[in-house]
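These numbers come from a predicted model, not from an experiment.
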Amino acid sequence: MSDEEQLVIMQLIMDGGNAKSSSFEAIQAAKKGAFDQAQAKLKEADSFLAKAHNAQTDLLTTEAQGQHAQVSLLMVHGQDHVMNAITFRDLAGELVSVYQRLSNNSEK
């Protein structure tokens with residue numbers, strides 16, 4: 001595995017982990033009623049996911065150009081991080097909405 005491939009994989013792991021962390025922070029903010037902060041954290045998670053998507057695109061582009069990537073446990077781990085982060089981000093968005101709806105209903 002080339003150094004460049006390792007860097008892309010580490011980017012996937014870091015950005016996936018950061019996206020998941022930001023999503024978790026969004027849930028915690030919403031739980032406290034800090035909905036502006038929760039929305040900012042969701043946007044931050046989206047930014048990390050966009051970076052991860054760009055790293056995946058780099059891998060796919062290289063593959064499409066005939067330079068086949070070596071599939072390693074590290075590669076699978078990086079992809080797993082991204083997929084889990086996407087799922088967690090989707091769930092976090094739903095939970096923030098639920099907390100906001102509960103807050104709005106309790107104010108009435």
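- The closest side-chain heavy-atom distance from I27 to L91 is not below 4.5 Å.
- In terms of the ring-ring contact (aromatic ring centres under 6.0 Å, His included) criterion, residue partners of H77 (sequence neighbours excluded) are, by chain and number, H81.
- In this structure, Q11 CD and L59 CG are separated by 11.0 Å, a value rounded to the nearest 0.5 Å.
- The minimum heavy-atom distance between F35 and V96, with the atom names listed, is CE2-O, 4.3 Å.
- Between the D80 side chain and the V76 main chain, no donor and acceptor come within less than 3.5 Å of each other.
- Atom CG of D15 is separated from atom OG of S47 by 8.5 Å, given to the nearest 0.5 angstrom.
- Atom CG of L60 sits about 11.0 Å away from atom CD of Q65, to the nearest 0.5 Å.
- A donor and an acceptor atom, one from each side chain of Q56 and Q79, are located under 3.5 Å apart.
- Judged by the 6.0 Å distance and 45° axis criteria, K31 is not positioned over the aromatic ring of Y99.
- Counting all heavy atoms, side chain and backbone alike, K41 lies closest to S22 at CB-O, 3.4 Å.
- Rounding to the nearest 0.5 Å gives a distance of 4.0 Å between CD of Q28 and CZ of F24.
- Between E63 atom CD and H68 atom NE2 the span is 5.5 Å, to the nearest 0.5 Å.
- Judged purely by atom type and a 3.5 angstrom limit, T87 uses its side chain to pair as donor or acceptor with the backbone of M83.
- Contact annotation: the side chain of T62 never approaches that of V8 to less than 4.5 Å [non-hydrogen atoms, C-beta and beyond].
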